[in-house]
Amino acid sequence: MIICILLLSNLGHNFYYLPEKFQRKKYINEHFMEIIKKYPRESVFTLASLPSFVDYSHKPELDSFLETNKEEYIFYLLGKQLSYIYTKEQLKELFSVISLLTDDILNEEGLSYTDIKRLPQGAYSDVIEIGSKVIKVGGKRFCYHVPNCPYLLQPLIRVNLEDISSIRGTIEVEEKVDMDLNISTSEVYSLYEKLRQYGII
């Protein structure tokens, strides 16, 4: 356990690179309040974003921490793609708005900050899941118009950030969908035919 303490204190938020044989999860949960007070905020954000890493008994403390630092946490989850182009200071106002949007969705879904799930990053966007909703924040899209068609997912919100700020990028909110790609070639062709009937190529 002493080795684990030394490794964790030196690795900071990179603790997840430690093999589980070092009992990292056990140590973190046994010393959770100490870690939440002493570790850099980003280390706690990493803990919060890893599924099932923090025991349920610590959820109230973690929720309180994330709520107190919500703008920074939302930036940690959704700011990577835009950070390649803009500084944190340039994105500050935008992420204040995204934080308010997140609060609205959490309230509507009856969830809290510890219920936010980080999804794999896409080619253009950082993505999180909040209950039945998905938020995407990322680069500029080639097209903002989505044809009204029952076979295409209609965004609830899709904003070209250049329309409201100096940032080139996009915010989207969509309904969560089944991402299972295990479909047959005939099903793909059937969908293609239906899209063609709507004039969508």
Side-chain angles (χ1 to χ4, degrees), residues 13 16 25 28-29 32-33 35-36 41-83 88 91-141 144-161 163-165 167 169-182:
H13 67 271
Y16 47 83
K25 184 174 176 179
I28 285 165
N29 281 290
F32 186 74
M33 291 312 295
I35 285 168
I36 216 168
R41 278 193 287 271
E42 193 168 303
S43 299
V44 183
F45 296 161
T46 303
L47 278 172
S49 66
L50 292 171
S52 307
F53 207 91
V54 177
D55 288 347
Y56 187 80
S57 60
H58 297 304
K59 186 178 179 188
E61 293 89 354
L62 184 57
D63 257 332
S64 176
F65 179 88
L66 296 176
E67 180 78 29
T68 303
N69 300 284
K70 60 186 176 183
E71 283 184 30
E72 280 187 76
Y73 185 50
I74 295 304
F75 183 83
Y76 170 83
L77 294 171
L78 292 172
K80 189 172 182 182
Q81 291 278 357
L82 291 179
S83 292
K88 197 170 182 177
L91 295 169
K92 187 173 172 53
E93 193 173 327
L94 170 63
F95 275 87
S96 293
V97 174
I98 295 173
S99 177
L100 292 172
L101 175 64
T102 303
D103 280 342
D104 280 350
I105 295 172
L106 285 169
N107 188 47
E108 181 187 313
E109 295 283 320
L111 299 172
S112 62
Y113 273 84
T114 52
D115 298 310
I116 295 173
K117 293 179 184 173
R118 186 184 216 169
L119 299 180
Q121 189 180 45
Y124 296 99
S125 300
D126 295 304
V127 189
I128 60 172
E129 175 189 312
I130 305 174
S132 66
K133 304 293 184 288
V134 170
I135 303 178
K136 298 179 182 179
V137 177
K140 184 175 180 176
R141 301 292 189 262
Y144 282 89
H145 174 68
V146 179
N148 188 15
C149 167
Y151 303 107
L152 295 178
L153 181 63
Q154 298 297 316
L156 302 172
I157 297 172
R158 194 173 205 209
V159 178
N160 177 359
L161 294 174
D163 291 343
I164 58 170
S165 71
I167 306 293
T170 310
I171 298 175
E172 293 180 85
V173 179
E174 298 172 350
E175 296 287 354
K176 178 185 167 186
V177 295
D178 182 3
M179 295 294 288
D180 181 11
L181 299 178
N182 188 22

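You'll find the side chain of S43 stays beyond 4.5 Å of the side chain of I35, heavy atoms only. Looking at L101 and I74, their side chains never come closer than 4.5 Å, going by heavy atoms from C-beta outward. For the pair P155/V146, a side-chain contact is recorded, criterion being any heavy-atom separation below 4.5 Å from C-beta on. Side-chain contact between R158 and K136 is absent, with no heavy atoms from C-beta onward closer than 4.5 Å. Here the side chains of M33 and I36 are in contact, with some heavy-atom distance below 4.5 Å.
In this structure E93 satisfies the salt bridge (Lys or Arg N to Asp or Glu O under 4.0 Å) test with no other residue, sequence neighbours excluded. Residues that satisfy the ring-ring contact (aromatic ring centres under 6.0 Å, His included) test with Y113, not counting sequence neighbours, are absent from this structure. With sequence neighbours excluded, the residues that form a side chain to side chain donor-acceptor pair (under 3.5 Å) with S132 are E109. With sequence neighbours excluded, no residue satisfies salt bridge (Lys or Arg N to Asp or Glu O under 4.0 Å) with K80. Taking the side chain to side chain contact (heavy atoms under 4.5 Å, CB included) definition, one finds that I164 meets it with V159, L161, sequence neighbours left out. Taking the side chain to side chain donor-acceptor pair (under 3.5 Å) definition, one finds that D63 meets it with S112, T114, sequence neighbours left out. For S49, there are no side chain to side chain donor-acceptor pair (under 3.5 Å) partners at least two apart in sequence or on another chain. Residues meeting the side chain to side chain donor-acceptor pair (under 3.5 Å) test with K59, sequence neighbours left out: D115. Taking V97 as the reference, nothing meets the side chain to side chain contact (heavy atoms under 4.5 Å, CB included) condition, with sequence neighbours excluded. Applying the side chain to side chain contact (heavy atoms under 4.5 Å, CB included) test to P60 and every residue at least two apart in sequence or in another chain returns nothing. In terms of the salt bridge (Lys or Arg N to Asp or Glu O under 4.0 Å) criterion, residue partners of K140 (sequence neighbours excluded) are, by chain and number, E162. By the salt bridge (Lys or Arg N to Asp or Glu O under 4.0 Å) test, E67 pairs with K70, sequence neighbours left out.
Note that the CG atom of L66 and the CG atom of L47 stand 10.0 Å from one another [nearest 0.5 Å]. Summarising the geometry, atom CD1 belonging to I171 is positioned 8.0 Å from atom CD1 belonging to I157; distances are rounded to the nearest 0.5 Å. With values rounded to the nearest 0.5 angstrom, L111 atom CG is found 6.5 Å from L106 atom CG. Taking CD1 of I98 as the start and CG of L78 as the end, the distance is 6.5 Å to the nearest 0.5 Å. A distance of 11.5 Å separates CD in E172 from CD1 in I135, rounded to the nearest 0.5 Å.
Geometrically, R118 does not engage F45 in a cation-pi contact defined by less than 6.0 Å to the ring centre and at most 45° from the axis.
Of the possible donor and acceptor atoms, none in the side chain of E42 sits under 3.5 Å from a partner among the backbone N and O of Y73. Here the side chain of T170 pairs no donor or acceptor atom with the backbone of N160 at under 3.5 angstrom. The closest donor-acceptor contact from the side chain of S99 to the backbone of F95 lies at 3.5 Å or more, if one exists at all. The closest donor-acceptor contact from the side chain of N29 to the backbone of D55 lies under 3.5 Å. A distance-only check finds a donor-acceptor pair linking the side chain of Q81 to the backbone of G122 [under 3.5 Å].
At a cut-off of 3.5 Å, with distance as the only test, a side-chain donor of S125 or R141 sits close to an acceptor on the other residue.
Across all non-hydrogen atoms, the minimal contact from P120 to V127 is O-CG2, 4.1 Å. When all heavy atoms are compared, the tightest approach of E175 to L156 is OE2-CD1, 3.8 Å.
Between E174 and K133 there is no salt bridge, since no side-chain N of the basic residue sits under 4.0 Å from a carboxylate O of the acidic one.
Environment of OH in Y124: sparse, with no more than 12 heavy atoms of neighbouring residues, nucleotides or ligands closer than 6.0 Å.
Checking D126, T46, N69 one by one against Y76, the side chain to side chain donor-acceptor pair (under 3.5 Å) holds for a single residue, T46.
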